[in-house]
There are 2 protein chains.
Amino acid sequence: MTNLFLMTRSEENYIKTIFHLGGSDSVPVATNAIAEQMETKPSSVTDMAKKLADKGLVHYKKYQGVSLTEIGIKTALSIIRKHRLWEVFLVKKLDFTWDEVHEVAEQLEHIKSEKLIDKIDELLDFPKYDPHGDPIPSKDGKFMVRDKELLSDLEVKAGGVCVGVKDTSAPFLKFLDKNGIALGKTIEVLEKEDFDQSLHIKIDQSELHISHQIASNLYVKKNN
Amino acid sequence: MTNLFLMTRSEENYIKTIFHLGGSDSVPVATNAIAEQMETKPSSVTDMAKKLADKGLVHYKKYQGVSLTEIGIKTALSIIRKHRLWEVFLVKKLDFTWDEVHEVAEQLEHIKSEKLIDKIDELLDFPKYDPHGDPIPSKDGKFMVRDKELLSDLEVKAGGVCVGVKDTSAPFLKFLDKNGIALGKTIEVLEKEDFDQSLHIKIDQSELHISHQIASNLYVKKNN
DNA sequence: ACAAATTTTTAGATTTGCCTAAATTTATTT
DNA sequence: AAATAAATTTAGGCAAATCTAAAAATTTGT
Ligand SMILES: [Mn+2]
Ligand SMILES: [Mn+2]
Ligand SMILES: [Mn+2]
Ligand SMILES: [Mn+2]
């Protein structure tokens with residue numbers, strides 16, 4: 001049980017990536033998938049897989065992919081908790097916009113201080129979701145899985161509240177801002193174009209036409 | 001003019017140490033002094049001195065010691081600004097005690113985001129001093145040099161306000177807490193023991209006997 | 001001034017994290 | 001069931017940051 005506090009930044013980033021690609025299940029993740037996600041080379045992933053396996057954070061057998069151990073999952077959740085809490089902090093306390101927070105949170109998530117992150121959590125009044133609608137794991141690694149669906153999967157006439165984004169890239173988020181789409185807004189599907197799957201929607205008071213591209217990156221919590 | 005944003009953590013720590021040992025003057029600092037301060041070996045310092053000289057951050061000639069260039073000084077002040085602002089943040093916003101902040105600030109000072117630190121500055125209402133009484137450089141590298149003297153240098157009957165500590169180690173700070181000594185308190189020298197230089201002082205309402213060790217690590221701003 | 005002590009640098013290793021190129025294993029086609 | 005393609009690992013190397021041991025320069029003491 002190698003101490004989590006002496007993990008390097010690189011190791012933490014690998015663990016986080018493996019979690020995001022494989023979920024908390026012990027689904028093995030392919031070397032190439034990790035390499036692509038981390039913008040590194042497969043051979044580097046293999047090296048790290050061995051090291052993380054030695055440390056007991058992942059299961060690894062040659063050619064069989066990588067999956068997180070119990071400890072690996074806990075570690076991943078702890079890093080993700082920090083990342084998302086910092087994102088909330090930046091938005092709520094420092095007036096960052098939701099398209100600016102990710103880059104800084106990528107750095108802040110590696111700060112080693114349990115007290116620090118717990119105090120940030122308290123300062124923010126224990127938020128459950130980050131600025132992109134993603135759930136924040138609690139100290140003991142639990143988090144809410146909100147039932148939500150992609151706007152593109154709703155039927156005509158169906159509606160709900162916008163609760164998250166799938167694509168969290170700055171360009172997409174800025175596009176949403178420009179079109180008055182934000183978390184918490186009420187959305188209703190007015191019309192669906194069969195040809196290109198584009199949608200005519202009502203968002204709060206106004207109406208808007210959006211492409212399938214957009215609709216398939218917006219999460220909605222359906223009305224009862 | 002090598003971009004400050006691509007400095008490694010190690011480079012930043014060297015620059016900060018050279019600043020603390022040499023001041024903002026271009027006083028050359030000895031290799032051994034840097035090594036001792038950073039708990040590393042002189043040969044490592046020599047290596048880094050060459051690298052920093054290549055980057056234009058220090059002046060370095062073999063056997064002549066290291067001193068900061070203009071850019072080096074600016075860089076040092078920027079890191080110190082971040083360190084001290086984070087320390088204030090931790091105390092004022094997250095209820096850390098002044099003996100807990102340094103270690104975390106050592107990590108936070110390396111976060112790369114100009115917007116982040118400027119927003120923290122604003123959130124704290126542009127503090128001029130950190131929790132240990134050390135001045136916080138402004139964005140453009142200026143800082144107040146408060147006139148202060150060591151309590152051990154005061155005459156009997158002289159007095160003032162406690163404005164800083166020289167030793168910022170956790171044990172010393174905890175000792176001060178235990179004895180009711182804190183920044184902002186009024187101090188008067190009641191008696192001085194010639195034999196061991198210990199002092200009898202009045203601090204706010206109470207009286208206290210302190211050793212020379214303690215008195216020579218407390219800064220006081222004398223009354224007019 | 002010159003020998004001795006001290007400081008500093010150089011030379012050569014080590015570890016971490018990454019790379020390229022080549023070899024190997026696994027998966028997919030014919 | 002081969003043959004081909006794709007994925008993965010191995011081998012060997014490189015840069016950063018560190019170390020130890022030895023050499024060189026500087027400083028100190030007589
Ligand atoms: Mn993010
Ligand atoms: Mn997020
Ligand atoms: Mn400090
Ligand atoms: Mn301080």
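So that the names make sense, note that chain A is the first sequence line, chain B the second, and so on, each numbered from 1.
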Students often mix this up, so state it plainly: with edges at 30° and 60°, are the rings of Phe175(B) and Phe172(B) parallel, tilted or perpendicular?
parallel

Indicate whether OP1 or OP2 belonging to [N] is found under 4.0 Å from a side-chain N or O atom of [X].
{"X": "Ser10(A)", "N": "dT16(C)", "result": "no"}
{"X": "Tyr14(B)", "N": "dT18(D)", "result": "yes"}
{"X": "Thr46(B)", "N": "dT9(C)", "result": "yes"}

For residues Val220(A) and Glu149(A), determine if any side-chain heavy atom of one lies less than 4.5 Å from a side-chain heavy atom of the other.
no

From [options], pick the nucleotide closest to the side chain of [X]?
{"X": "Ser43(B)", "options": "dT8(D), dT20(D), dT18(D)", "value": "dT20(D)"}
{"X": "Lys50(B)", "options": "dC19(D), dT10(D), dT10(C)", "value": "dT10(C)"}
{"X": "Met48(B)", "options": "dT18(D), dC18(C), dT9(C)", "value": "dT18(D)"}
{"X": "Thr31(A)", "options": "dT10(C), dA16(D), dT8(D)", "value": "dT8(D)"}

Would you give the length of the straight line joining atom [atom1] of [X] to atom [atom2] of [Y], rounded to the nearest 0.5 angstrom?
{"X": "Glu87(A)", "Y": "Leu90(A)", "atom1": "CD", "atom2": "CG", "value": "7.5 Å"}
{"X": "Lys222(A)", "Y": "Glu155(A)", "atom1": "NZ", "atom2": "CD", "value": "7.0 Å"}
{"X": "Cys162(A)", "Y": "Leu176(A)", "atom1": "SG", "atom2": "CG", "value": "7.5 Å"}

Send over the distance from [X] [atom1] to [N] [atom2], rounded to a whole Å.
{"X": "Lys61(A)", "N": "dT26(C)", "atom1": "NZ", "atom2": "P", "value": "12 Å"}
{"X": "Asp54(B)", "N": "dA16(D)", "atom1": "CG", "atom2": "P", "value": "11 Å"}
{"X": "Asp47(A)", "N": "dC14(D)", "atom1": "CG", "atom2": "C1'", "value": "13 Å"}

The criterion is side chain to side chain donor-acceptor pair (under 3.5 Å); which residues satisfy it with Asp153(A), sequence neighbours excluded?
none

Counterpart residues, side chain to side chain contact (heavy atoms under 4.5 Å, CB included), relative to Pro135(A) (two or more places apart)
Arg84(A), Tyr129(A), Phe143(A)

Let's see if you get this right: which residues in residues 32-42 of chain A place a heavy atom under 4.0 Å from DNA chain D?
Asn32(A), Pro42(A)

Sort and list the pairs that fulfil side chain to side chain donor-acceptor pair (under 3.5 Å) and have at least one residue in residues 90-101 of chain B, not counting sequence neighbours.
Lys115(A)-Glu100(B), Thr97(B)-Asp99(B), Thr97(B)-Glu100(B), Trp98(B)-Asp177(B)

Of all pairs that satisfy ring-ring contact (aromatic ring centres under 6.0 Å, His included), the ones with a partner from residues 25-66 of chain B, not counting sequence neighbours
none

Could you run down the sub-3.5 Å N/O contacts of the protein with nucleotides 23-26 of chain D?
residue : atom : partner  : partner atom : Å
dA25(D) : O4'  : Tyr63(B) : OH           : 3.2

